[in-house]
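Letters A, B, ... mirror the listed sequences (proteins, then strands); counts begin at 1.
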Number of protein chains: 2
Amino acid sequence: MKERPTLEEVARRAGVGRGTVSRVINGSPRASEQARAAVNAAIAELGYIPNRAARSLVTRRTDSVALVVPESEERFFTEPFFGRVVRGVSAGLRDSEVQLLLAIAQDRRRLGHYLTRQHVDGVILLSLHGEDPLPGELESRGVPAVLIGRPLTTPAAYVDADNAGGARLAVEHLAASGRRRIGILAGPQDMAVGVARLAGATEALAAAGLPADLVAYGDFSEASGAAALRELLDTAPDLDAVFAASDPMAAGALRVLRSLGRAVPGDVAVAGFDDSVIAEHADPPLTSVHQPVEAMGTAAVRLLLDRIAGTAPDRPAVVLDTHLTIRQST
Amino acid sequence: MKERPTLEEVARRAGVGRGTVSRVINGSPRASEQARAAVNAAIAELGYIPNRAARSLVTRRTDSVALVVPESEERFFTEPFFGRVVRGVSAGLRDSEVQLLLAIAQDRRRLGHYLTRQHVDGVILLSLHGEDPLPGELESRGVPAVLIGRPLTTPAAYVDADNAGGARLAVEHLAASGRRRIGILAGPQDMAVGVARLAGATEALAAAGLPADLVAYGDFSEASGAAALRELLDTAPDLDAVFAASDPMAAGALRVLRSLGRAVPGDVAVAGFDDSVIAEHADPPLTSVHQPVEAMGTAAVRLLLDRIAGTAPDRPAVVLDTHLTIRQST
DNA sequence: TTGAAAGCGATACCAG
DNA sequence: CTGGTATCGCTTTCAA
């Protein structure tokens with residue numbers, strides 16, 4: 001377990017002063033080629049690695065950002081969404097010397113206490129519900145924050161998928177394939193995603209000259225999707241297509257249709273949202289709106305790093321395109 | 001953006017020396033009740049938070065552990081497994097002041113370079129394949145490592161689910177419900193999980209006095225499960241149950257059975273492994289072996305923290321129980 | 001039990 | 001362009 005060399009030893013080995021070594025390491029232009037070469041040689045030879053703690057102590061930067069996830073949102077952990085975001089965030093950090101800290105927020109108070117400039121340079125917040133006071137608190141303490149998922153009302157920097165656009169794509173696809181009685185299984189309207197997906201679907205119906213009279217609400221769960229579809233079938237037995245605001249809701253719809261003996265897509269076409277493993281393994285496999293989750297994570301870090309560097313607008317938003325993955329259910 | 005107070009200011013406010021403040025903060029017994037009270041009051045009043053960098057600089061500990069995930073294993077990110085592990089690890093760290101660093105390993109060399117005592121106190125490694133040289137490298141450099149998932153051959157500290165036991169449970173369940181021609185859709189035999197699940201299944205067959213002649217192999221994927229089942233049906237058209245080493249494989253089997261018009265569970269019972277969202281949403285919902293993934297994460301940190309503290313055996317292993325979630329497919 | 005003083009390893013400013 | 005020096009905020013002797 002050999003001890004790591006310090007900057008001072010590098011300086012001695014290279015026959016230069018500590019200042020010079022530091023300049024070379026941090027890519028300062030004020031260093032002669034000669035010095036640069038000597039220092040780099042010494043670094044390579046000694047296997048020198050700068051001590052983050054020491055650096056952080058004087059620069060007052062931590063070179064780390066936190067990804068904060070509310071512990072209460074069990075969905076995050078049992079759905080692939082979380083992993084994909086993490087992967088995207090990590091990819092965005094790849095070439096940047098910045099570390100990713102994971103903060104699963106058990107206790108909001110304690111977390112707010114912890115997330116200071118002393119510990120992180122910035123924060124990415126994974127939030128489902130729009131009404132989180134945390135980003136505001138952070139910003140007011142000088143800690144840049146970026147949300148993944150648009151907040152419902154609170155203004156903040158965020159990255160999101162084009163949920164409305166995705167819903168539009170799906171409904172357009174249903175209409176284009178000749179469906180005329182298209183039902184919408186909408187998500188909860190106290191979340192931005194729920195609102196946006198319904199809005200997009202409604203728009204597409206209007207554009208196709210179809211009525212938007214068949215709307216029922218759920219909470220994104222399978223059971224709620226099943227219930228919502230039953231509700232729609234009560235008023236419109238002639239329904240020939242369904243757009244669900246989530247894949248589990250679509251799966252619930254499939255279940256109901258099967259139990260009723262209605263063929264999919266023969267009698268009723270079904271489209272979901274998220275292009276998740278559920279869509280892929282459903283019977284029949286579900287046409288579903290695909291979100292670029294990894295890209296959202298990457299965009300979020302990029303935005304955050306820009307904000308930390310002070311080179312980003314104060315409250316920027318990035319909205320990424322979705323596309324439709326077409327499978328056998330439509 | 002108020003500046004955080006330093007320890008020195010706390011000392012001044014409390015009317016004691018810096019040494020005393022430090023002792024109180026770190027719970028040293030060598031501090032009078034009086035001093036303790038004064039210091040704590042000052043800390044509360046000033047909102048003091050110790051500076052990790054400064055502390056780390058002198059203690060030579062980082063108070064952080066890394067969770068390392070091979071980037072190449074796309075499975076990790078698109079399956080809930082990853083999120084659940086993260087959640088468990090995070091829960092294990094909850095009361096410990098230790099931070100969780102996420103390292104998605106793009107480049108093994110660079111990562112090995114990075115993971116020194118200077119940056120982390122220890123490492124948790126999420127590895128699918130058994131042949132990872134990283135843990136060994138780390139240990140030899142004095143960085144404690146704990147694997148999640150038993151390595152195939154390399155000796156190392158690890159936490160794992162009782163894969164063999166889980167497979168045994170599933171096959172026992174099939175046999176107990178009167179099935180006599182039970183096929184095994186095994187996973188790849190170059191992974192410890194694949195080996196263990198097949199071993200457990202075989203054991204259970206033997207214990208039930210049934211032959212273990214119906215075994216076909218796959219790679220855990222849906223397609224491979226479908227292919228493997230077709231293979232078994234060729235030689236044993238009278239097959240009346242299948243145990244698959246993964247849920248996707250089981251889903252593949254369901255698909256084949258459906259296309260052949262065989263009823264599940266009427267004609268053939270099907271059991272999977274992982275109790276994933278796929279099992280839950282399959283048609284019919286799959287009986288599947290449940291692994292305590294969160295608990296594995298928690299156990300892994302606990303083990304790691306013990307090793308860091310030097311209070312754990314040198315190469316300990318923790319194996320956690322699985323259970324069977326029974327659904328309609330059996 | 002306590003305070004004072006000496007570092008931990010880096011950066012940043014300074015004069016040269 | 002360069003080397004020395006002060007400094008970041010904390011822990012840890014050491015002497016009192």
[N] phosphate, OP1 or OP2: any side-chain N/O from [X] under 4.0 angstrom?
X	N	answer
N51(A)	dC8(C)	no
S32(B)	dT1(C)	no
R18(A)	dG3(D)	no
S56(A)	dC8(D)	no

Report the distance from atom [atom1] of [X] to atom [atom2] of [N], rounded to the nearest whole Å.
X	N	atom1	atom2	result
E9(B)	dC10(D)	CD	P	9 Å
R55(B)	dG9(C)	CZ	P	18 Å
I25(A)	dA12(C)	CD1	C1'	14 Å
L7(A)	dT2(D)	CG	P	15 Å
N26(B)	dG9(D)	CG	P	18 Å
Q34(B)	dT1(C)	CD	P	13 Å
E97(A)	dA10(C)	CD	P	14 Å
L46(B)	dG9(D)	CG	P	14 Å

### Heavy-atom check, side chain of I43(B) versus side chain of I25(B), under 4.5 Å
yes
### Query
So do the side chains of V86(B) and F82(A) get within less than 4.5 Å of each other, counting heavy atoms only?
yes
What nucleic acid atoms does [X] come within less than 4.0 Å of, heavy atoms only: base, sugar-phosphate, or nothing?
X	result
S22(B)	base
R23(B)	base
A11(B)	nothing

### Query
Ignoring hydrogens and angles, does a donor from either the side chain of R60(A) or the base of dG9(D) sit under 3.5 Å from an acceptor on the other?
no
### Task
Decide, yes or no, whether a salt bridge links R36(B) with E33(B) under the criterion of side-chain N to carboxylate O below 4.0 Å.
yes
### Task
Run the salt-bridge test on E139(B) and R307(B) with the 4.0 Å N-O cut-off and return the result as yes or no.
yes
### Message
Strictly distance-based, threshold 3.5 Å: is any side-chain N or O of D306(B) a donor or acceptor partner for the main-chain N or O of T311(B)?
### Response
no
### Task
Name the residue closer to the 5' end of DNA chain D, choosing between V21(B) and G17(A) according to the nucleotide with the nearest heavy atom.
G17(A)
### Task
Take A31(B) and V58(B), find for each the nucleotide of DNA chain C with the closest heavy atom, and name the residue whose nucleotide sits nearer the 5' end.
A31(B)
